[in-house]
Amino acid sequence: MNNELKKRDRAVNWHPYTQMKTADDAIPIVRGEGVYLYDNEGKKYIDAVSSWWVTLHGHANPHIAQRVFNQLNTLEQVIFAGFTHEPAIQLSENLLKLLPENQEKVFYSDNGSTAVEVALKMCIQYAYNQGKAKTKILAFKDAYHGDTFGAMSVSGRSVWTQPFGEMLFEVIFIDTPNSENIDALKAEISQFADDIACFIYEPLVQGAAGMLMYQPEDLSELMKFCRSKEIVMIQDEVFTGFGRTGKLFAADHLTEKPDIMCFSKGLTGGTMPMGITTCSQEIFNAFLSDDKYKTLFHGHSFTANPLACTAALASMELLLQENTQIAIRRISEQHSDFTKILREHHGVKNVRQMGTIIAWELKTEAQTSYFNEIGKKTYDEFLLRGIIMRPLGNVMYLVPPYCITSEELDFIYKNIIEVINLFLQQE
Ligand SMILES: *Cc1c(COP(=O)(O)O)cnc(C)c1O
């Protein structure tokens, strides 16, 4: 049984971020419930990475499922040019109420990368529509904003972008801010300030780079400086949104407001693909004109799909419930206690945490990198123990669904320490 699905899969499917020649067979998952995923032999796995950082309230959540089911029997899809529907209106209203007050308009797309594409096009055309030739873009060195060409261009240059090097547009890359380098960063930005169409950044946590973290005060100061230079700011909350950092949005840790924001991943609670780009009235107004050429010519077939909007509405209801907010605080506190244990462990370095996200690095002979062999070995060991973790090389992290219990978290922590000790012995 097991092997048959694996064989059929290998015959036809090409998996993401996977070297198909050397990869192990993909594990067939037949069902999910809460924090657990079940394979076709009945083995259960704790999903400690929320299935690539998307699942907020557990798998096959009955509340979301029921709402989507009802919507599916009412209206599954309608063209969003010239037409609208209640779920999109309600979702935009509900979301905008939670965002910084300058966010006024919602543009729908399909995933995190497209939310970023839309944001970049908004910024470049914002300048263009005003007759300004601003073409330079500012981003952080280790940034990750997605895998489509625009999103890849504003992501840090790495093995992932290397084959496309020449074809990516030019970006000015700067370090993330800290109390020591902030003045130098400002000086660097000043040189190009007049030509910069926008500054795009992952607030506080650079996820795909290996859960690198930096401080809210430093980002706020950098944002304030960008504001003074009239640089449009895109805050990519595709990962940090919807409670991950301990607050509803990373924006809630900051004193300054971005012009544009991007959302996906947790937006629908991890049930359906959807992206959202929000913007301020000022950005929106630059597209209002009797001149048709000033239109934002962008749209996807499934823009504001009613099923995805409904899933997002249902997920946000759950997120705002008192018990979910308590769970987020509990997970953050448990993580915080676990950082103390990790910090004292001689095989571990660079322990960091923000809200429900915790990360650390294994001390190895080889360099900290995505290709560090230890990643694959520990991944396999965790799978054997029924835990899905996905180390980025020697960087390990947890991003659990909010429905995880403290016992389940303790079970994961205990296994983490055992696995670290196991690999220390082998080195
Ligand atoms: C995952 C991610 C993206 C890309 O989202 P996809 O839905 O995978 O296209 C963009 N920005 C950030 C910060 C992300 O973590």
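For ligands, and for the atoms within them, numbers begin at 1 and follow the listed sequence. Note that the structure is predicted; figures quoted are calculated from it, not measured. We count residues from 1, following the sequence as given. Scope of the values below: all heavy atoms of this structure, side chains included, with no hydrogens, waters or symmetry mates.
What you find for D39 and V30 is that their closest heavy atoms are O-CG2, 3.6 Å.
K141 forms no cation-pi arrangement with F173, by the criterion of a distance under 6.0 Å to the ring centre and an angle within 45° of the ring axis.
Listed by chain and number, W53, N111, G112, S113, Y144, H145, G146, E202, D236, V238, F239, K265 each place a non-hydrogen atom less than 4.0 angstrom from ligand 1.
Of the N and O atoms on the side chains of E202 and Y144, not one donor lies less than 3.5 Å from an acceptor on the other residue. A side-chain N or O of S92 and one of Y108 form a donor-acceptor pair less than 3.5 Å apart. Residues Y38 and H59 bring no donor and acceptor atom of their side chains to less than 3.5 Å of each other.
The number of heavy-atom neighbours closer than 6.0 Å to CZ of F69, taken from other residues, nucleotides and ligands shown, is 12 or below.
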